[in-house]
Amino acid sequence: MPIYSESKNEYCIDQIGAIAGNESSFDSLMTFTERYPPTEPYRFRQEQLNSPVFNPALRMAENTYPDGSREQRLAEFIKFYLRLSDLNR
């Protein structure tokens, strides 16, 4: 069960907040990826893919990358915010 479903169903958390403007939102993007293990690829919903404001560059979150690579760090950062958004929908 995805963590956002567990949060809503078991702990009655229906919204959380986060503010980020750049990679230094956590001590650094590198620190974020050192603290948390890589997660499963993100699965976009059809409504997201069909949105006129959808940025295809976000699709990198659907892939896996070599450990420690720049792509892996960026994909994990993107997945974090996509999942945060999913929780709040």
Side-chain angles (χ1 to χ4, degrees):
M1 174 184 323
I3 193 163
Y4 48 86
S5 296
E6 183 178 334
S7 298
K8 285 185 174 188
N9 297 335
E10 293 187 26
Y11 301 104
C12 300
I13 297 171
D14 63 354
Q15 287 190 341
I16 57 174
I19 298 174
N22 57 38
E23 293 178 355
S24 65
S25 298
F26 296 91
D27 303 331
S28 71
L29 187 50
M30 181 71 85
T31 303
F32 175 79
T33 57
E34 288 172 355
R35 287 181 188 163
Y36 304 103
T39 59
E40 292 292 316
Y42 185 82
R43 292 192 179 114
F44 284 98
R45 297 180 310 280
Q46 203 58 42
E47 68 190 69
Q48 291 170 303
L49 296 171
N50 293 334
S51 170
V53 296
F54 180 76
N55 184 338
L58 296 175
R59 296 204 71 167
M60 73 179 300
E62 296 176 303
N63 302 318
T64 56
Y65 299 97
D67 284 345
S69 68
R70 180 182 179 281
E71 291 84 2
Q72 183 193 44
R73 292 191 301 269
L74 183 55
E76 290 302 318
F77 195 67
I78 292 169
K79 289 187 282 186
F80 174 82
Y81 285 103
L82 287 169
R83 290 176 174 137
L84 178 64
S85 175
D86 288 345
L87 177 69
N88 288 331
R89 53 173 233 154

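Source: prediction; values computed, not measured.
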If I take atom CG from residue Leu82 and atom CZ from residue Arg43, how far apart are they, to the nearest 0.5 angstrom? 14.0 Å
Between NZ on residue Lys79 and CG on residue Leu74, distance to nearest 0.5 Å: 10.5 Å
Which atom of Glu40 lies closest to which atom of Arg83, heavy atoms considered: O-NH2, 2.7 Å
Set of residues satisfying side chain to side chain donor-acceptor pair (under 3.5 Å) with respect to Asp67, sequence neighbours excluded: Gln72
Would you please name every residue forming a side chain to side chain donor-acceptor pair (under 3.5 Å) with Glu71, sequence neighbours left out? none
Donor-acceptor pair, distance only, cut-off 3.5 Å: does the side chain of Tyr65 make one with the backbone of Met60? yes
Those residues at least two apart in sequence (or on a different chain) that pass salt bridge (Lys or Arg N to Asp or Glu O under 4.0 Å) with Arg45 are Glu47, Asp86
Listed partners of Ser51 passing side-chain contact (heavy atoms from CB on, under 4.5 Å), at least two apart: Val53, Phe54
Here the salt bridge (charged side-chain N to carboxylate O under 4.0 Å, His left out) pairs for residues 48-57, sequence neighbours left out, are none
Could you go through Phe44 and Leu58, starting from their C-alpha distance and side-chain angles, then the distance that decides it, and tell me whether this counts as side-chain contact (heavy atoms from CB on, under 4.5 Å)? CA-CA 10 Å; Phe44 284 98; Leu58 296 175; 3.9 Å; yes
Which is it for Glu76 and Arg73 under the side-chain contact (heavy atoms from CB on, under 4.5 Å) test, yes or no, and what are the steps along the way? CA-CA 5 Å; Glu76 290 302 318; Arg73 292 191 301 269; over 6 Å; no
